[in-house]
Asks: 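Below is one structure. I have some questions about it.
Residues: numbered from 1 along the sequence shown.
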Amino acid sequence: MESIESVVVSSVLNKDVKQFGKKNMFDGQDETCWNSDQGSPQWVKVKLKEEMEITFFTIQFQGGFTAKELVFKGESNGYSEEVCFFPEDNNSVQQFALKHPTKLKSLFFKFNSSTDFFGRVIIYKLSWS
């Protein structure tokens, strides 16, 4: 996405960034994904090039590797909003709405626990609008 300045993730499975790296969440390909290594929590931190009004985000997990609890935190110019969501454990694209449309510069997605016994999280798509 051209609006992204940087993305940082907590881990990558076996440090194989080519096959499982963060870029795969944003490449528009159905076959590629970000796959975290084991352990909880896992997270994705996105810094935008400029403030953007965010009303919702969408995320597609791989069933069996879904976050049980997803904490979203958005920040901009001293303002901070934190909301907790509980995704369904399936392969569908899920949409989560923020309480109020908000102009944000950074987005933080924290996965406190996973449906995977080892705490791994797999994400095929991550976007916002």
Side-chain angles (χ1 to χ4, degrees):
M1 295 177 76
E2 62 275 351
S3 62
I4 296 175
E5 183 175 310
S6 65
V7 177
V8 181
V9 293
S10 51
S11 66
V12 175
L13 184 65
N14 300 324
K15 298 182 181 170
D16 187 349
V17 296
K18 183 174 171 86
Q19 187 173 359
F20 301 118
K22 60 192 175 191
K23 68 185 178 315
N24 295 336
M25 290 183 282
F26 309 106
D27 67 2
Q29 302 296 314
D30 290 338
E31 310 80 37
T32 61
C33 62
W34 168 62
N35 192 334
S36 78
D37 216 332
Q38 62 186 8
S40 291
Q42 297 293 332
W43 49 265
V44 175
K45 186 185 293 186
V46 179
K47 186 174 180 183
L48 302 174
K49 291 180 182 174
E50 53 189 54
E51 278 189 332
M52 181 177 180
E53 185 165 278
I54 308 293
T55 56
F56 65 88
F57 63 90
T58 58
I59 191 165
Q60 182 182 18
F61 293 99
Q62 178 175 316
F65 297 89
T66 301
K68 289 182 185 177
E69 178 188 49
L70 186 167
V71 177
F72 170 82
K73 184 174 183 180
E75 296 181 333
S76 191
N77 295 327
Y79 173 80
S80 177
E81 179 174 348
E82 188 170 305
V83 187
C84 188
F85 299 97
F86 299 93
E88 295 180 26
D89 185 15
N90 60 42
N91 298 333
S92 66
V93 176
Q94 300 178 57
Q95 182 171 303
F96 300 96
L98 301 183
K99 292 177 184 175
H100 310 285
T102 307
K103 287 194 174 217
L104 299 170
K105 178 90 165 120
S106 68
L107 314 173
F108 184 68
F109 303 88
K110 184 178 177 188
F111 315 110
N112 287 327
S113 58
S114 168
T115 57
D116 174 56
F117 180 76
F118 297 103
R120 294 169 294 191
V121 174
I122 298 176
I123 298 175
Y124 284 88
K125 293 181 176 71
L126 178 61
S127 63
W128 47 86
S129 184

Asks: Look at the side-chain heavy atoms of Ile, Leu, Val, Met, Phe, Trp and Tyr, link any pair under 4.5 Å apart, and say whether Leu126 and Val17 land in one connected group.
Replies: yes
Asks: Taking the ring of Phe57 and the ring of Phe72, is the distance between their centroids below 6.0 Å?
Replies: yes
Asks: How long is the straight-line distance from NZ of Lys47 back to CG of Leu107, given to the nearest 0.5 Å?
Replies: 12.0 Å
Asks: Is the backbone N or O of Phe56 less than 3.5 Å from a side-chain atom of Gln95, with the two atoms forming a donor-acceptor pair by type?
Replies: no
Asks: Is a side-chain donor-acceptor pair under 3.5 Å present for Ser10 with Gln42?
Replies: yes
Asks: Looking at every heavy atom in both Val7 and Val46, which two are closest together, and how far apart are they?
Replies: CG2-CG2, 4.3 Å
Asks: According to the interplanar angle, ranging from 0 to 90°, do the rings of Trp43 and Phe108 count as parallel (below 30°), tilted (30 to 60°) or perpendicular (above 60°)?
Replies: tilted
Asks: Hey, does the side chain of Thr115 reach the backbone of Gly64 with a donor-acceptor pair shorter than 3.5 angstrom?
Replies: yes
Asks: Do Ile123 and Phe111 pass the side-chain contact (heavy atoms from CB on, under 4.5 Å) test, and can you show the C-alpha distance, the side-chain angles, and the key distance before you say yes or no?
Replies: CA-CA 11 Å; Ile123 298 175; Phe111 315 110; 3.6 Å; yes
Asks: Donor-acceptor check, side chain of Asn14 to backbone of Asp16, threshold 3.5 angstrom: yes or no?
Replies: no
Asks: Transitively linked via ILVMFWY side-chain contacts under 4.5 Å: Leu98 with Met52?
Replies: yes
Asks: Got a second to check how far Leu104's CG is from Glu50's CD, nearest 0.5 Å?
Replies: 13.0 Å
Asks: Tell me if a side-chain donor or acceptor on Thr102 pairs with a main-chain N or O of His100 at a distance below 3.5 Å.
Replies: yes
Asks: Kindly compute the distance separating CE (Met25) from SG (Cys33), expressed to the nearest 0.5 Å.
Replies: 10.0 Å
Asks: In the single-linkage hydrophobic clustering (I, L, V, M, F, W, Y; side-chain heavy atoms under 4.5 Å), do Val71 and Val9 co-cluster?
Replies: no
Asks: Would you sort out whether Ser36 and Arg120 count as a side-chain contact (heavy atoms from CB on, under 4.5 Å), showing the intermediate values?
Replies: CA-CA 5 Å; Ser36 78; Arg120 294 169 294 191; 4.0 Å; yes
Asks: Rounded to the nearest 0.5 Å, how far apart are CD of Glu53 and OG of Ser76?
Replies: 11.5 Å
Asks: For the pair Asn91 and Gln62, evaluate side-chain contact (heavy atoms from CB on, under 4.5 Å) and give the outcome as yes or no after the intermediate values.
Replies: CA-CA 5 Å; Asn91 298 333; Gln62 178 175 316; 4.0 Å; yes
Asks: Can Lys110 and Lys73 be said to form a side-chain contact (heavy atoms from CB on, under 4.5 Å), step by step?
Replies: CA-CA 8 Å; Lys110 184 178 177 188; Lys73 184 174 183 180; over 6 Å; no
Asks: How close do Phe20 and Val12 get, counting heavy atoms only, and between which atoms?
Replies: O-CG1, 3.7 Å
Asks: Measure the spacing between CG of Leu70 and CZ of Phe109 and express it to the nearest 0.5 Å.
Replies: 7.5 Å
Asks: Any idea which heavy atoms bring Ser11 and Asp37 closest together, and the distance?
Replies: OG-N, 2.9 Å
Asks: Nearest heavy-atom pair of Asn24 and Asp27: which atoms, and what distance?
Replies: O-OD1, 3.0 Å
Asks: Taking the side chain as every heavy atom from C-beta outward, state whether Ser106 and Lys45 have any atom pair closer than 4.5 Å.
Replies: no
Asks: How about Phe61 and Gln94: do any of their side-chain heavy atoms sit closer than 4.5 Å?
Replies: yes
Asks: Using every non-hydrogen atom in the two residues, find where Ser114 and Val121 come nearest and quote the distance to one decimal.
Replies: CB-CG2, 4.2 Å
Asks: Would Tyr79 and Ile54 show up in the same hydrophobic cluster when neighbours are defined by side-chain heavy atoms closer than 4.5 Å?
Replies: yes
Asks: Inspect the contact between Lys105 and Glu5 and indicate whether a charged nitrogen and a carboxylate oxygen are less than 4.0 angstrom apart.
Replies: yes
Asks: Parallel, tilted or perpendicular, judged at 30° and 60°: which one describes the rings of Phe96 and Phe85?
Replies: tilted
Asks: Consider only side-chain heavy atoms of I, L, V, M, F, W and Y, link residues closer than 4.5 Å, and tell whether Leu48 and Val83 are in one cluster.
Replies: yes
Asks: Salt-bridge test for Asp89 and Lys68: reply yes if a basic N is under 4.0 Å from a carboxylate O, no otherwise.
Replies: no
Asks: Any chance you could lay out the side-chain hydrogen bond (donor to acceptor under 3.5 Å, both in side chains) test for Ser113 and Ser40, step after step, and finish with the verdict?
Replies: CA-CA 6 Å; Ser113 58; Ser40 291; over 6 Å; no
Asks: For the backbone of Pro101 and the side chain of Thr55, can you confirm whether one donor and one acceptor N or O come within less than 3.5 Å of each other?
Replies: no
Asks: Using every non-hydrogen atom in the two residues, find where Lys22 and Trp34 come nearest and quote the distance to one decimal.
Replies: N-CD1, 4.0 Å
Asks: Got a second to check how far Ile59's CD1 is from Lys125's NZ, nearest 0.5 Å?
Replies: 12.0 Å
